[in-house]
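Right, one structure below, let's go through it.
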Amino acid sequence: MKRVIAPLALMAALPFTSPQLSAQQSADLKAAPYRDPSRPVEDRVSDLLGRMTPQEKAGMLAGSGWMESQPVARLGIPEIRMADGPAGVRNWSGPSAVTNDPKAKFASTAFPAGITLASSWDVELAGRQGRAIAQEVKALGRDMILGPTVNINRVPLWGRNFEGFGEDPYLAARLAVAWVRAVQAEGVIPAVKHFAANNQEFERHRIDEKVDERALNEIYFPAFKAAVQEAGAWAVMSAYNKVNGQSCAANRHLLTETLQRAWGFKGFVISDWGSTYSTAGTINAGMNLEMPGGEPMRSWLAQPQAQKDGNGAGWLEAGKVLAAVAAGQVKQEAVDDSVRRLLRVMFSAGLFDAPHRGGAIDTQEQRAVARRAATEGVVLLKNAGGLLPLGGPGVRSLAVIGPSAAVARTGGGGSSFVTSSYVVTALDGIREAAGPQVQVRYALGAAMQGEDAAAQTPEACASLRAEAAALAASCDAAVVVVGNSSKIESEGFDRTSMDLPANQDALIEAVAAANPRVVVVIVAGAPVTMTRWVERVPAVVCAWYGGQEEGHAIADILLGLQNPSGKTPVTFPVRLEDATAYGSYPGENLHVAYSEGIYVGYRGFEKRGVQPLFPFGHGLSYTTFSYGDLSVGPARVAKGGTVQVALTVRNSGARAGAEVVQVYLHQARSSVDRPQKELKGFCRVELAPGESRRVAVDLDQGAMSYFDPSRNGWVAEPGSFDVLVGSSSADIRLTGSFELGNE
Ligand code: BGC
C-alpha cells in the first residue's frame with residue numbers, strides 16, 4: 001500500500017472542535033502517535049482505536065450522508081467523501097434521479113465506459129484513465145471513487161454490461177489491477193464492485209443466484225481477487241443480489257471466508273447503496289461500512305421507488321450496533337475490526353494528513369486520456385473490400401445518418417453517468433476530421449426510442465428513413481450511427497431484447513439499399529442483433545460508449561487518422577438465444593440458476609459448438625500482422641514452475657498499427673471438464689510497417705489450474721497443455737504445448 005506522507009504543518013489542519021476537551025486534552029491529542037505521519041500505519045491505527053469510545057466506534061459503521069462516512073470530531077477523524085464512478089467523477093449530491101440532471105453543479109471528464117476501456121486491452125492506458133479520474137476526485141474535494149465495476153458480462157441484456165470489463169476473468173483482472181493501483185497511487189480510495197456476481201439488474205435487490213463454487217472462483221471472483229492481492233485494493237463494495245441464499249452484504253462466505261481469510265483482504269467492505277437488512281448478521285458476516293446514512297438515507301428509503309425495489313438501510317447506525325453488542329449478538333472485536341479496517345485505509349490514503357490534496361479537473365491531459373481510451377476502444381468488426389478507412393479522392397461527400405450521429409452517447413445510464421463540460425458527437429468529429437474538401441451531410445433517419453414521441457409514429461418513421469436513404473443515395477458513402485442510449489441501457493433494469501431499438505434495423509437496410517458503400521457504427525454497451533443487415537453492409541464498427549471524446553474517436557478511425565486496434569471483450573451472439581446464459585436468465589420466483597457454470601462467453605460458445613457472430617478477442621486493423629517463431633519453454637515444467645510463451649509479431653502491412661496477441665491455454669486430458677480455451681495472457685504491441693517484435697507471456701501455475709470445490713482450492717493437474725496463440729479466440733495463428741510434470 002502506498003502511504004501518502006504529508007508535511008507536519010498540515011497536522012494542525014485537522015479539526016479538534018469538541019467543546020468538552022480541556023486545553024490539556026487537546027494538546028495531548030495533537031501530540032498523539034496516530035497524528036504522526038512518519039509512524040507506520042498499523043501503529044497509528046492501534047493508537048487511535050485505543051482512544052475511541054464504544055459509541056465513537058459504533059458510529060463509524062454507517063454513513064453520515066449520501067456519500068459521506070461518519071467523522072469523529074473529537075479525535076480529528078475525517079469523513080470519507082465519496083463520489084460515484086467508474087467512468088469519471090459523477091455528481092455526488094443525491095440519488096440517481098437527481099444526479100443525472102444535465103444541469104448538475106459541476107462538470108468532470110466523461111471517460112469511456114468500462115467495456116470501451118476493456119476493448120483496448122491496454123493495461124497501461126487503464127492505469128492512465130484511473131489516475132486521471134483519481135486526480136479529478138481529489139480536485140473536487142472527494143476521497144473515494146466508487147469503482148471499478150468488474151462484474152462479468154454473463155448475459156447481453158444486463159443493463160450494466162457497459163460498466164464492466166467484459167466476459168473474461170483474466171482480462172477483467174488485468175484491467176482492474178492497473179486501474180486500482182493507479183487510483184491508490186494518487187491517495188484515492190477505489191471500491192471494487194459489486195462483490196459478487198452482480199450480473200443482472202432484473203430484481204437486483206431480491207434475486208437469489210445459485211452459482212457453483214467453481215464458477216465463482218474461475219469466472220466471477222478473479223478480478224476481485226487480483227485487485228485485492230495484486231493491487232492491495234483498499235475497499236470492495238458488496239452487491240445487491242443474493243448469492244446462494246444469502247444477500248451479499250451479509251454473506252459470510254463471500255466477505256469473511258473468501259475476501260478476508262482466503263485472499264487476505266486488509267481494506268474495508270462498503271455496502272452497495274441500500275443493500276443491508278440486518279444488524280448482527282451484516283456485521284458478523286464482515287460488512288464494515290453501511291451506505292448511505294443519516295437523513296439523506298432516511299428520506300430516500302421513504303420514497304416509493306426504494307420501497308418497491310426492496311432497499312434496506314439504517315441497520316448499522318450507532319444505536320443498533322451498540323444494542324447488538326450489549327445483547328451479545330455482535331462481539332466488540334467485530335466492531336473494532338471494522339473500525340480498524342476503515343482507519344487503516346484512511347491513514348494509507350493520507351486522509352488524516354492532507355485534507356486538501358491537490359488534483360486537477362477537466363485538463364488537456366485528462367481530455368487526451370479520454371480521447372485515447374475512446375479511440376483504442378473502437379473495434380473494427382467487419383471491413384469487407386477495405387471500404388474503411390473512408391478517404392481519398394473517392395469520397396467527396398459523406399452522408400452521416402442515425403439517432404446517435406448528432407447526439408453523443410457518452411455512457412450508459414445510472415450511477416456511472418458523468419456530466420461533462422462538452423461532448424463531441426460523431427457528426428462533429430467527422431466534419432472536423434474530413435476537412436473542407438469533403439461535404440458532410442446529416443439526416444436523423446430514426447428517432448431514438450423515448451426521445452421524440454412525434455417522430456415515433458409509423459408515418460414519421462417512414463419519412464425519416466426515406467429522407468436518410470435519399471441522402472445516402474446522393475453521397476459517395478454513408479455512415480449510419482446506431483445503437484442504444486443511457487435510457488435503454490442502464491443500471492436499474494435490463495434490456496428486454498438484444499435488437500436495436502427504434503427501427504434502426506430498417507434504417508440500416510434502407511441506407512444500405514440506397515448506397516452500398518455504407519459503414520454501420522454501433523454505439524452501445526453490449527452486443528446487438530445484426531442479422532437483418534450484417535451480410536449486406538461492408539463495414540461494421542463498434543464504438544461502445546466513448547465518453548465525451550466519442551465523436552473524435554469514431555471520426556479518427558473512420559477517416560483513417562487512427563488505425564483501429566480494439567478487440568471485443570465480449571462474444572457477439574448471432575441471436576440472443578445463442579447467448580451462453582440463455583434459458584437460465586433472469587430466473588423465476590426470484591431465483592436464478594447459473595446452470596452454464598464456468599461456460600460463460602466464449603467458453604460456452606466453444607463448448608456447445610455455437611458459432612458467434614463475432615468471437616471474443618476479435619477486432620480488425622487497417623494493417624496486417626504475421627505471427628511466427630513460437631517458442632514454449634521449458635517443454636516440461638515442474639509443479640510450481642513457469643512456462644514462457646514467446647513469438648515474433650510482424651506488421652506485414654503498410655500502416656503503423658497495434659496488435660493484441662492473445663495466449664489461450666487448454667488441457668485436453670483432465671479429470672474435470674475444462675474449456676477448449678481460456679485466456680491466460682496477452683500483449684498489446686505497436687508496430688511500424690515492416691517492424692517485428694519478440695513478445696513474451698509467462699504462464700504460471702495459476703494459469704494452468706482449475707478450481708476444485710471438493711478441496712476448496714486450485715489444482716494444476718500434471719499432463720499436457722496446448723498453448724494457442726492468436727489474434728482472437730477464433731483466429732489461432734500458432735500452437736505449441738508443454739508438459740506439467742508430477743514432480
Ligand atoms: C450502484 C452502485 C453505486 C451506488 C451509489 C448503487 O445503486 O449499484 O454502483 O456506486 O448506487 O450511487
Side-chain angles (χ1 to χ4, degrees), residues 62-69 80-101 104 108 113-114 133 137 142-152 158-165 176 179 183 188-207 223-224 227 233 235-242 247-249 268-276 287 289-294 296-297 300-301 303 305-313 411-419 486 489-494 525:
S64 66
W66 187 255
M67 283 277 161
E68 294 79 24
S69 73
I80 304 173
R81 298 158 300 183
M82 309 168 192
D84 250 318
V89 186
R90 176 208 191 209
N91 191 319
W92 52 82
S93 62
S96 303
V98 177
T99 51
N100 285 340
D101 182 347
S108 51
I133 292 172
V137 172
R142 310 309 284 182
D143 310 306
M144 182 167 182
I145 180 88
L146 303 175
T149 300
V150 301
N151 295 118
I152 292 295
W158 180 36
R160 288 179 100 164
N161 267 318
F162 64 89
E163 264 187 70
F165 293 142
W179 203 92
V183 167
V188 168
I189 307 167
V192 190
K193 67 190 189 183
H194 311 79
F195 192 59
N198 182 174
N199 310 110
Q200 64 184 57
E201 295 302 281
F202 179 77
E203 285 290 359
R204 66 175 174 166
H205 300 281
R206 279 178 284 239
I207 194 82
F224 291 97
V236 166
M237 185 190 289
S238 65
Y240 279 131
N241 48 279
K242 293 179 184 157
S247 71
C248 287
F268 67 85
V269 179
I270 183 171
S271 76
D272 200 347
W273 267 231
S275 67
T276 55
M287 174 59 64
L289 173 60
E290 178 196 63
M291 288 299 290
M297 176 270 291
W300 168 69
L301 221 50
Q303 285 174 15
Q305 188 59 46
Q307 291 180 1
K308 192 164 156 262
D309 287 345
N311 279 116
S415 60
S416 67
F417 193 86
V418 176
T419 309
S486 59
E489 254 179 308
S490 171
E491 175 183 339
F493 55 89
D494 291 335

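Each ligand, and each atom within it, is numbered from 1 in the order the structure gives.
Proximity to L146 (heavy-atom distance under 4.0 Å) selects the following atoms of ligand 1: 10 (O). Of all atoms in ligand 1, listed by their number and element, those nearer than 4.0 Å to a heavy atom of S415 are 1 (C), 2 (C), 3 (C), 9 (O), 12 (O). The distance from ligand 1 to the heavy atoms of M67 drops below 4.0 Å at these ligand atoms: 5 (C), 12 (O).
When H205, E491, K193 are checked for heavy-atom proximity to atom 1 (C) of ligand 1, E491 turns out nearest. For atom 4 (C) of ligand 1, the choice among D272, I270, N311 with the nearest heavy atom turns out to be D272.
At a heavy-atom distance under 4.0 Å, only side-chain atoms of R160, from C-beta outward, approach ligand 1. At a heavy-atom cutoff of 4.0 Å, ligand 1 is contacted by no atom of E201, backbone or side chain.
For the pair M237 and ligand 1, a heavy-atom separation below 4.0 Å is found. Under a 4.0 Å heavy-atom criterion, R204 is in contact with ligand 1.
Checked against a 3.5 angstrom limit, the closest N/O atoms of W273 and ligand 1 fall outside it. Every N/O-N/O distance between W66 and ligand 1 stays at or above 3.5 Å.
For W300 and W66, the distance between ring centers is under 6.0 angstrom.
E491 and R204 are joined by a salt bridge, as a carboxylate oxygen and a charged side-chain nitrogen come within less than 4.0 angstrom of each other. Between R142 and E68, at least one side-chain N (NZ, or NE/NH1/NH2) sits under 4.0 Å from a carboxylate O, which counts as a salt bridge.
Nearest heavy-atom pair across N151 and A197 is ND2-N, 3.9 Å. Taking each heavy atom of L289 and M287 in turn, the nearest pair found is O-SD, 3.7 Å.
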Stepwise side-chain contact (heavy atoms from CB on, under 4.5 Å) check, I133 with I145:
CA-CA 8 Å; I133 292 172; I145 180 88; 3.8 Å; yes
Please test D309 against Q305 for side-chain hydrogen bond (donor to acceptor under 3.5 Å, both in side chains), starting from the C-alpha separation and ending with a verdict.
CA-CA 6 Å; D309 287 345; Q305 188 59 46; 3.0 Å; yes
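Side-chain atoms of S247 and R206 form no donor-acceptor pair, as typed in the model, at a separation below 3.5 Å.
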